[in-house]
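Data block below; observations after.
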There are 2 protein chains.
Amino acid sequence: MASARQIAGPCQEWPEDSVFIREVLDRIGDKWTVLAIGTLSAGTLRYSDLHASIPGISQRMLTQTLKHLERDGLITRTAYAEVPPRVEYELTDLGRSLMDAVTAMARWAAAHHSEIARNRAASELTGVGRGKVAVSASAD
Amino acid sequence: MASARQIAGPCQEWPEDSVFIREVLDRIGDKWTVLAIGTLSAGTLRYSDLHASIPGISQRMLTQTLKHLERDGLITRTAYAEVPPRVEYELTDLGRSLMDAVTAMARWAAAHHSEIARNRAASELTGVGRGKVAVSASAD
DNA sequence: CTGCATCCTAGATGATACTG
DNA sequence: CAGTATCATCTAGGATGCAG
C-alpha cells in the first residue's frame, strides 16, 4: 500500500534559481554587505562616513565590501581628485532593488525572530537532535 | 550654506531589524541551509534522501545543518525505532514561511543575476575599484 | 582621507573512519 | 541507515603598518 507514505521525491537536479540564490547569498551572506547597503540606503556617503556608521567594521572589510558591491553594480564609487581625497558611494537602482529584497527578509526576521529564539531556547532544555521518537507502527 | 551637499546622515544606531536580519543571514547564509530547506519544501524526506538530493554535501554538514534547522524550529525530526533506523525530516510552518521569504530572494536573484553578471564582467575589463573620477569643482 | 599589503587566528567545511 | 568523532584544509575576517 503506497510506498510507505507521502515521501517527497528527491530533486536530484536543482533548478537554476537555486544557483542564483546561492550567488546572492554568497554576496549578502557575509558579515557586512547588508549593513553597508542598509547604511547607503540613506543616501550618498563617503568612505569615512560609512566607516563611522558601521561600528566594528575594519577598513579592510569596508573596502572589500564596497569593492564587491561596486563590481556587481550595486553601488557607484565616485572619487574626487582633491586633497585630502574624497570618495562617495551611492546605491544604484539595482542596489536599491536588492535593498528592497533584503528589507523583505528583514520583515520576516522581525516577525519571527522571537519565535525562533523561543524554539532555540526550548531546544537547549530538551537537547537538540532528539526530535520526536515515533514507534514503528508499520505492522510487519 | 547647506553642508556641502545632500549627504545622508550616518545612522550610528542600527534599528533592531538589522539585528534580526543578521541572525537570519547567519542561518541561511551558510553553504547548505537554503538547499536543505528548498529540498524539504517538496515534502517529508529521510536523512538518506536529503543526502542524495543535495549533491556534494557531507554527512557532517548535512547533520549539522539539520540540527540547526531543528533547533530553530524550522524543521521537525522524527526518528522511528526500527532497524535499520529511519529518520524523517519535514518543514514546519515556520520553515515554510522562511522558504517563502527565500523564494522571494530567489526571484530577485533570477531577475537580476544576468545584470549582475554583466556588471561583474564589465568590471573585470575596466578594473574594479576605480569608479568614477570627478574633477574637484570645489573652488579653492 | 582613502585605501592597500601583510600577518594571524577562529571558524567553517571536507574527508575519512568508526558506531548503535 | 543515520549519524558521531577526528583530523586536515581553506578562507573570512581582524589587527597593524605603510602609501598616495
Side-chain angles (χ1 to χ4, degrees), chain A residues 4 7 10 22 25-36 44-71 75-90 127-134 136 138, chain B residues 4 7 10 22 25-36 44-71 75-90 127-134 136 138:
Chain A
I7 298 294
R22 281 266 65 226
L25 287 174
D26 282 342
R27 175 105 339 286
I28 70 172
D30 66 49
K31 201 171 178 181
W32 304 109
T33 296
V34 168
L35 291 175
T44 301
L45 287 173
R46 47 192 297 185
Y47 187 87
S48 52
D49 290 332
L50 284 163
H51 198 198
S53 298
I54 308 176
I57 195 172
S58 62
Q59 290 185 323
R60 172 184 161 75
M61 282 300 104
L62 178 55
T63 300
Q64 184 179 101
T65 301
L66 292 172
K67 266 193 194 299
H68 286 161
L69 289 174
E70 187 199 358
R71 185 190 60 164
I75 66 174
T76 58
R77 175 183 184 278
T78 308
Y80 294 87
E82 307 172 341
V83 38
R86 177 164 56 100
V87 180
E88 293 183 350
Y89 294 91
E90 187 176 17
V128 188
R130 201 62 42 75
K132 290 182 298 185
V133 177
S136 172
S138 16
Chain B
I7 298 292
R22 280 267 50 186
L25 287 175
D26 282 343
R27 177 107 337 287
I28 71 172
D30 65 47
K31 202 171 179 181
W32 304 109
T33 296
V34 167
L35 291 175
T44 301
L45 286 172
R46 44 196 297 186
Y47 187 87
S48 51
D49 291 331
L50 283 164
H51 198 199
S53 298
I54 308 176
I57 195 172
S58 62
Q59 289 186 321
R60 174 182 159 75
M61 281 300 104
L62 178 55
T63 300
Q64 184 178 101
T65 300
L66 292 172
K67 267 192 197 299
H68 287 160
L69 289 174
E70 187 198 359
R71 184 190 60 165
I75 66 174
T76 59
R77 175 184 184 277
T78 309
Y80 294 86
E82 308 171 340
V83 40
R86 178 164 53 101
V87 180
E88 294 184 350
Y89 293 92
E90 188 176 16
V128 187
R130 200 62 40 76
K132 291 181 296 184
V133 177
S136 169
S138 19

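All chains are named by letter (A, B, ...) in the order of the sequence lines, taking the proteins before the strands, and each is independently numbered beginning at 1.
A donor-acceptor pair is defined here as one N or O able to donate and one able to accept, closer than 3.5 Å; no such pair exists between the side chain of B/Tyr89 and the backbone of B/Leu50. A distance-only check finds no donor-acceptor pair linking the side chain of B/His68 to the backbone of B/Arg27 [under 3.5 Å].
You'll find the side chain of B/Tyr47 stays beyond 4.5 Å of the side chain of B/Arg86, heavy atoms only. Considering only heavy atoms from C-beta on, B/Ile54 comes within 4.5 Å of B/Trp32 through its side chain. Using a 4.5 Å cut-off on side-chain heavy atoms (C-beta onward), A/Leu66 and A/Arg77 make no contact.
Distances shorter than 4.0 Å separate none of the side-chain N or O atoms of B/Arg46 from OP1 or OP2 on D/dG3. The phosphate of D/dA2 (OP1 or OP2) has no side-chain N or O of B/Thr63 nearer than 4.0 angstrom. Phosphate contact (OP1/OP2 of D/dG3, side-chain N/O of B/Lys67, threshold under 4.0 Å): absent.
Summarising the geometry, the separation between OH on A/Tyr47 and C1' on D/dG20 is reported as 14 Å, rounded to the nearest angstrom. Going from atom CD1 of A/Ile57 over to atom P of C/dG3 covers 12 Å, rounded to whole Å. Rounded to a whole Å, the NZ atom of B/Lys31 is 17 Å from the P atom of D/dT9. Distance, B/Gln64 CD to C/dG11 P: 13 Å, rounded to whole Å.
The A/Val87 side chain lies nearest to C/dG3 when the options are D/dC1, C/dG3, D/dG3. Of the candidates D/dG20, C/dT13, D/dG13, D/dG20 carries the atom nearest the A/Pro85 side chain, counting heavy atoms from C-beta on. In this structure, of C/dC1, C/dA15, D/dG3, it is D/dG3 that holds the atom nearest to the side chain of B/Arg77.
When all heavy atoms of A/Ile28 and B/Leu25 are compared, the pair lying nearest together is O-CD1, 3.6 Å.
Rounded to 10°, the helix from C/dC1-D/dG20 to C/dG20-D/dC1 has 40° between the axis fitted to its first five pairs and the one fitted to its last five.
Mapping A/Gln59 and A/Trp32 onto DNA chain D by nearest heavy atom places A/Trp32 at the nucleotide closer to the 5' end.
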